[in-house]
Amino acid sequence: MTARENERQPNGEPVDHRLGDRSAVSAADQLSLDDGTRSEGTDPLLDRASRVNTPSTDDSGIAVSVTGLRKRFGDRTESVTAVDDVSFDIETGSIVGLLGPNGAGKTTLIKSILGMVLPDEGSVRINGVDVYERPRDAYAHVDAMLEGARNDYWRLTVRENLRYFATISGVDPDSVRGRHERLLTQLGLAEKADVPVRELSRGMKQKVSLASVLAGGAEVVFLDEPTLGLDIESSRTLQRELRRLVEEEALTVVLSSHDMDVVETVCDRVLIMSTGEIIADDTVDALLSGTDLHSIEITSRDLDSAIVSTLEERFETISVEPRERGHRITVTTDSDGLYTLLAHLRAEDVSLERVRTIEPDLEDVFVDLTAGRDR
């Protein structure tokens with residue numbers, strides 16, 4: 001399994017941490033492939049991480065199973081519970097989004113699942129294999145890019161990176177050449193395939209990291225902020241490629257991102273964390289239909305400054321736009337509040353020129369669920 005973290009060596013080259021055989025503690029420290037310590041004559045494609053690729057005999061269709069996971073940091077008097085009794089299952093061949101405000105415990109949860117942090121309680125199974133009892137078997141077909149890091153080998157070309165990461169995943173790179181060519185094409189890297197990564201732009205390097213994660217044919221992939229640094233078109237291309245891999249090759253993806261549009265577009269299901277707990281777990285459609293908050297945009301020549309000021313005091317105001325005569329104001333409220341709003345406007349003799357209901361999106365649901373849940 002590959003875990004990439006945003007670390008640098010003194011010479012500016014990235015440090016790449018690989019998860020190999022270990023006893024579920026500080027997995028990132030178990031095997032370090034330091035590009036800066038190799039001689040120029042060393043062929044990185046020959047540097048392979050030993051592993052046992054034991055096929056899973058699990059038939060439940062569950063790719064990732066987390067049960068009662070808990071992790072605390074600090075001593076008893078000043079301890080902080082980063083992950084608090086978290087349990088969930090992720091079905092094979094699905095994309096699950098993991099959302100939460102900063103400090104919610106997302107990174108600790110992911111690292112606990114990957115064996116990079118040793119939890120205080122709980123268990124994790126990948127394809128039916130306990131990650132703490134049989135880490136090599138559990139992580140044999142898992143790959144990850146953490147915290148939007150770009151930790152490919154910058155001295156190698158794009159194509160060499162894909163071959164290298166496939167090799168250390170225990171895969172003959174020639175056997176997945178077609179996958180590599182498709183990834184290069186789909187992610188807009190084909191013209192740069194033989195260019196050293198260090199000569200690429202920031203966004204292109206991000207795409208190389210993503211291609212490297214997918215290069216070995218991993219069955220379960222963890223992606224943290226995968227669209228960070230990508231332009232709109234590149235982000236859409238990535239989303240399409242993820243959906244294709246999930247649908248055609250039964251890839252399972254756990255995607256953590258602050259980009260709500262990406263999560264809403266590609267994810268089959270969403271887990272929302274706050275203060276170390278899972279506070280919502282459902283499909284995107286169910287989450288969107290489960291809120292009674294609505295944004296109402298009202299345009300009227302009769303909306304003077306006094307009425308607008310009153311509305312701002314009584315309702316959550318998203319925007320106020322002065323017009324040549326009157327205002328256009330957008331407020332957020334529930335069903336009862338909507339009746340109150342309309343009654344207030346009628347009492348003020350406000351004639352409505354235009355009323356538009358704006359359906360809530362995932363960001364609205366997220367803010368509604370997490371508001372006020374400070375650590």
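We're numbering straight along the sequence, starting at 1.
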Only distances under 3.5 Å count here; give the side-chain donor-acceptor pairs of residues 303-310 to other protein atoms, sequence neighbours excluded, each with its distance to 0.1 Å.
{"residue": "Asp304", "atom": "OD1", "partner": "Ala306", "partner atom": "N", "Å": "3.3"}
{"residue": "Asp304", "atom": "OD1", "partner": "Ile307", "partner atom": "N", "Å": "2.9"}
{"residue": "Thr310", "atom": "OG1", "partner": "Ala306", "partner atom": "O", "Å": "3.1"}

Original post:
So Arg72 and Asp84, salt bridge (charged side-chain N to carboxylate O under 4.0 Å, His left out) or not? Walk me through it.
Top reply: CA-CA 8 Å; Arg72 288 178 290 270; Asp84 191 6; over 6 Å; no
Just verifying a value: how many Å separate [X] [atom1] and [Y] [atom2], rounded to the nearest 0.5 Å?
X      : Y      : atom1 : atom2 : value
Leu341 : Thr333 : CG    : OG1   : 7.0 Å
Asp130 : Ser123 : CG    : OG    : 6.0 Å
Leu245 : Gln186 : CG    : CD    : 9.0 Å
Lys205 : Leu200 : NZ    : CG    : 7.0 Å
Phe73  : Asp120 : CZ    : CG    : 8.0 Å
Leu98  : Ser257 : CG    : OG    : 10.5 Å

Taking [atom1] in [X] as the centre, count heavy atoms belonging to other residues, nucleotides or ligands within less than 6.0 Å. Is the count above 12?
X      : atom1 : value
Arg244 : CZ    : yes
Arg236 : CZ    : no
Tyr339 : OH    : no
Glu199 : CD    : yes

Indicate yes or no: at least one non-hydrogen side-chain atom of [X] is less than 4.5 angstrom from one of [Y].
X      : Y      : result
Thr330 : Ile296 : no
Val83  : Arg70  : no
Asp259 : Leu228 : no
Val96  : Val270 : no
Thr252 : Glu219 : no
Ile279 : Thr370 : yes
Leu345 : Leu311 : yes
Met273 : Leu109 : yes

Heavy-atom pair with the smallest gap, counting every atom of [X] and [Y]:
X      : Y      : value
Leu242 : Val253 : CD2-CG2, 4.4 Å
Thr227 : Ser235 : CG2-OG, 3.4 Å
Val117 : Pro119 : O-CD, 3.2 Å
Gly276 : Val86  : O-CG2, 3.5 Å
Ala166 : Ala215 : CB-O, 3.9 Å
Val246 : Gly93  : CG1-O, 3.2 Å

Do [X] side-chain atoms and [Y] backbone N/O form a donor-acceptor pair below 3.5 Å?
X      : Y      : answer
His327 : Arg301 : no
Lys207 : Leu187 : yes
Asp302 : Ser351 : yes
Ser87  : Gly68  : yes
Lys111 : Met116 : no
Glu121 : Lys71  : no
Tyr132 : Val124 : no
Glu264 : Leu362 : yes
Ser112 : Thr108 : yes
Tyr153 : Glu160 : no

Is it true that [X] and [Y] have a side-chain N and a carboxylate O under 4.0 angstrom from each other?
X      : Y      : result
Asp194 : Arg159 : yes
Glu249 : Arg179 : yes
Asp174 : Arg163 : yes
Asp282 : Arg269 : no
Arg240 : Glu248 : no
Arg243 : Asp268 : yes

Subject >> Path from Leu352 to Val331 over hydrophobic side-chain contacts below 4.5 Å >> reply: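 Yes.
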Original post:
Are Leu338 and Leu288 connected in a single hydrophobic cluster, I mean Ile/Leu/Val/Met/Phe/Trp/Tyr linked by side-chain heavy atoms less than 4.5 Å apart?
Top reply: no
Original post:
When you look at Phe366 and Met260, which way does the side-chain contact (heavy atoms from CB on, under 4.5 Å) test go after all the steps?
Top reply: CA-CA 9 Å; Phe366 174 79; Met260 298 294 176; 3.4 Å; yes
**OP:** Would you please test Ser212 and Asn161 for side chain to side chain donor-acceptor pair (under 3.5 Å) and show each step?
**Re:** CA-CA 7 Å; Ser212 297; Asn161 266 281; 4.7 Å; no
**OP:** For Leu223 and Val221, run side-chain contact (heavy atoms from CB on, under 4.5 Å): C-alpha distance rounded to whole Å, both residues' side-chain angles, the deciding distance at 0.1 Å, then the answer.
**Re:** CA-CA 6 Å; Leu223 301 177; Val221 172; 3.5 Å; yes
Original post:
Between Ser65 and Arg125, do the side chains contain an N or O donor and an N or O acceptor separated by less than 3.5 Å?
Top reply: no
Subject >> Under the side-chain contact (heavy atoms from CB on, under 4.5 Å) test, residues paired with Ser175 that sit two or more places apart >> reply: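 Listed in chain order: Val171, Asp172.
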**OP:** With side-chain contact (heavy atoms from CB on, under 4.5 Å) as the test, would you mind laying out the steps for Val129 and Tyr139 before giving the verdict?
**Re:** CA-CA 9 Å; Val129 180; Tyr139 295 130; over 6 Å; no
**OP:** I would like to know whether Leu183 and Leu189 meet side-chain contact (heavy atoms from CB on, under 4.5 Å); could you show each step before the answer?
**Re:** CA-CA 8 Å; Leu183 285 169; Leu189 294 168; over 6 Å; no
